[in-house]
Amino acid sequence: MPELPEVETMVRGIRDALTGAVLVDVAPGESRCRPICMEPDFKTIRKICRNQQVTGVRRRAKRIVIDLENSHSFVIEPRMTGLMLTQDPPTRDHLRFQWILEYMGKRASVWFWDQRGLGTLRLVSREQLAEMFAPDRLGPDALEMTVEECRERFRQTQRAVKVALLDQKVVAGIGNLYASEILHRAGIHPVRPANTLSLVKIRRLHAATAEILTEAIRYEGSTLSDGTYRNALNHDGSYQNQHRVYAKAGSRCPSCGRGTIERIVQAQRSTFYCARCQK
DNA sequence: CCCCAGTCCTGCGGGC
DNA sequence: TGCCCGCAGGACTGGG
């Protein structure tokens, strides 16, 4: 499930193939399944982007942004199972989109592959892009948020801190897996109302967010047992070996060595925590 | 403001 | 062994 570290890894993996290259063409993939959400339609996308130079590739929260010289940008949301690949995809039947590039006379391709097809692909103008990423629709990036922003944002809601962490308007980039890992690192109980966190806890939450996400990027993200997430070269990430609580219900807490990892459900999602470490 | 259930989707694993 | 069901969840929507 691509969250910030997985999307960052994808962006780093495809950046060299795209930046500075000319997008000579695009192709709709070979999927025989229901088409993914694509806006505008493929023909219009092709008309706008053909023969444009790619000026940059970046990440915004859990989205991949590919900028073109005509000030349009592709915005890709991988959601659950979307992947950006420079190598041949795992299977050809879930291919959703192909960018065909030329740089110094050499051809290359980047693919969007998505098993479940919940991902989205849009080509937007600069104005539409600004609208998508407006502050009232997307909070600060989890890796760029300051302690002051963190305090201010969590003070404004009495929702459980875990639920607030998943709200992309509060802070952008964290999903279900890293929310549990971050709260465990910070020593904060997931059901605690966000606005009751002391300044000390806010500082710990802020530091744990940066630490966990930075570490996960270093390990190129988490590939779970469902096996769908992979980097641009179609290799597994390895941060799953560093998980301390996620999907570990019933096992001993690796931090205190005495507590047992519990599983609860919040906002219809699983939360994992150690009641001894997290107060 | 906040919560909940439902929606999209595929693959996998538990239970019978 | 095979089949059905439930579960996984990111973002969004509609109702309370």
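First the proteins, then the strands, lettered A, B, ... as listed; each starts at 1.
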Taking NZ, NE, NH1 and NH2 as the nitrogens, is one of them in A:Asp114 or A:Arg79 under 4.0 Å from a carboxylate oxygen of the other?
-> no

If you look at every strand shown and take non-hydrogen atoms under 4.0 Å, does A:Ser270 touch a base, only sugar-phosphate, or nothing?
-> sugar-phosphate

Nucleotides 5-8 of chain B: which of its N/O atoms have a protein N/O under 3.5 Å away?
from: B:dA5; atom 1: N7; to: A:Gln268; atom 2: NE2; distance (Å): 3.0
from: B:dC8; atom 1: O3'; to: A:Arg34; atom 2: NE; distance (Å): 3.4

A:Asn231 CG to A:Leu83 CG distance, which is reported to the nearest 0.5 Å | 9.0 Å

Checking A:Arg63 side chain against A:Ile76 main chain: does a donor-acceptor pair fall under 3.5 Å?
-> no

Give a yes/no on whether any side-chain N or O of A:Thr81 is located under 4.0 angstrom from OP1 or OP2 of B:dT10.
-> no

Test item: A:Ser125 side-chain N/O and A:His72 main-chain N/O as donor-acceptor pair under 3.5 Å | no

So, are A:Glu152 and A:Arg155 salt-bridged, with charged N and O less than 4.0 Å apart?
-> yes

A:Asp67 bridged to A:Arg58 by N-O distance under 4.0 Å | yes

Is any NZ, NE, NH1 or NH2 atom of the basic residue among A:Arg185 and A:Glu215 found under 4.0 Å from an Asp or Glu carboxylate oxygen of the other?
-> yes

Specify the closest pair of heavy atoms between A:Lys201 and A:Gly187, including all atoms of both residues, with the distance to one decimal.
-> NZ-O, 3.3 Å

Given side chains that start at C-beta, do those of A:Thr120 and A:Met38 come closer than 4.5 Å, heavy atoms only?
-> no

Which is true for A:Arg263 with a 4.0 Å heavy-atom rule: it touches a base, it touches only sugar-phosphate, or it touches nothing?
-> sugar-phosphate

Near DNA chain B, which residues from residues 158-170 of chain A have a heavy atom under 4.0 Å away?
-> A:Gln158, A:Arg159

Outermost DNA chain C nucleotides near chain A [under 4.0 Å, heavy atoms] = C:dA8 to C:dA11

When all nucleic acid strands are considered with a 4.0 Å heavy-atom cut-off, which category describes A:Phe272: base, sugar-phosphate, or nothing?
-> nothing

When the distance from CG of A:Asn195 to C1' of B:dC1 is rounded to whole Å, what number comes out?
-> 12 Å

Looking at CZ of A:Arg218 and CD of A:Gln242, how far apart are the two atoms once the value is rounded to the nearest 0.5 Å?
-> 9.0 Å

Could you pull out the closest heavy-atom pair between A:Leu4 and A:Ala142, with the gap in Å?
-> CD1-CB, 4.0 Å

